[in-house]
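Down below is the structure, laid out as structure tokens.
We number each residue from 1, following the sequence as shown.
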Amino acid sequence: MPNTLPESSNAHDGEQHPGPAEKDVGQRLADARRRSRVSQRKLARMSGVANATISQIESGALNPTVGTLKRIVSALPMTLSEFFDDAPP
């Protein structure tokens, strides 16, 4: 069966390029962090995740693992369920 990936996909380069869902995670993280009135640096200290990692997630440049996202979100404090809830805070 031939490869049916769209031509614009770079799946063969070994990198994970964020799609709409991943960018949504970054935007959700930035919004939750701002609602909590926490800087990226402070969230990094609170969660034990590097400040650069949080920045890259928020910008959509990095897709976090579930474990990393849970560590970050738990520091806000909220659950993953609350993080992905579409209801306003």
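In terms of heavy-atom proximity, Arg33 sits nearest to Leu76 at CA-CD2, 4.1 Å.
For the pair Asp31 and Arg35, the salt-bridge criterion is not met [side-chain N within less than 4.0 Å of a carboxylate O].
Between the side chain of Thr68 and the main chain of Pro64, no donor-acceptor pair closer than 3.5 Å is present. The closest donor-acceptor contact from the side chain of Ser39 to the backbone of Lys42 lies under 3.5 Å.
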Identify each donor-acceptor pair in which a side-chain atom of residues 44-57 lies under 3.5 Å from a protein atom, sequence neighbours left out, and give them as a table.
{"residue": "Ser47", "atom": "OG", "partner": "Leu43", "partner atom": "O", "Å": "2.8"}
{"residue": "Ser47", "atom": "OG", "partner": "Val49", "partner atom": "N", "Å": "3.3"}
{"residue": "Asn51", "atom": "OD1", "partner": "Arg41", "partner atom": "N", "Å": "3.4"}

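Between atom CD of residue Gln40 and atom CZ of residue Arg34 there is a gap of 8.0 Å, rounded to the nearest 0.5 Å.
Between Phe84 and Val73, every side-chain heavy-atom pair lies at or beyond the 4.5 Å cut-off. Residues Glu58 and Gln27 are not in side-chain contact: their nearest non-hydrogen atoms beyond the backbone lie 4.5 Å or more apart.
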